[in-house]
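What follows is a single structure, written as structure tokens, with notes after it.
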Amino acid sequence: MEIAIVGQLEFTLGFQLAGVENLYNPSDDEELAETLRSLLNQDEIGVVVVDNFDLVRLPERLRVQLS
């Protein structure tokens, strides 16, 4: 199982320095939602880390799926 980090560059940078390789920096809300939906369908991804600021911008249905 792998970890995926999704968020702004400032948020993902620390994880990158720690050695996490699956980093995603979506540029807008639509790309954020699509990235997260894609990660939910990948069997090798076990943990998805999302900044709370980005999480509240997602549609409620997607937030429920993520939790």
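Each ring-ring contact (aromatic ring centres under 6.0 Å, His included) pair with one or both residues in residues 13-67, not counting sequence neighbours, appears once here: Phe11-Phe15.
A 6.0 Å sphere centred on CD of Glu21 holds no more than 12 heavy atoms belonging to other residues, nucleotides or ligands.
The only option from Leu39, Asp54, Val49 that meets the side-chain contact (heavy atoms from CB on, under 4.5 Å) definition with Val6 turns out to be Leu39.
Side-chain contact check for Ile5 versus Val48: every heavy-atom pair is 4.5 Å or farther apart. Side-chain contact between Asn25 and Gln8: absent, with no pair of heavy atoms (C-beta onward) separated by less than 4.5 Å. A heavy-atom distance below 4.5 Å is found between the side chains of Leu32 and Leu58. Ile45 has its side chain out of reach of Met1: every pair of non-hydrogen atoms, C-beta onward, lies at least 4.5 Å apart.
Side-chain N or O atoms of Asp51 include none that pairs as donor or acceptor with a backbone N or O of Gly7 at under 3.5 Å. No donor-acceptor pair under 3.5 Å is formed between the side chain of Ser38 and the backbone N or O of Glu34. Distance alone, capped at 3.5 Å, is enough to place a donor-acceptor pair between the Glu31 side chain and the Ser27 backbone.
The CD atom of Glu60 sits 11.5 Å away from the CD atom of Gln65 when rounded to the nearest 0.5 Å.
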Open item on the list: What verdict does the side-chain contact (heavy atoms from CB on, under 4.5 Å) test give for Leu40 and Leu62, after you've listed the backbone C-alpha separation in whole Å, the side-chain angles of each residue and the deciding distance to 0.1 Å?
Closed with: CA-CA 10 Å; Leu40 286 173; Leu62 183 54; 4.0 Å; yes
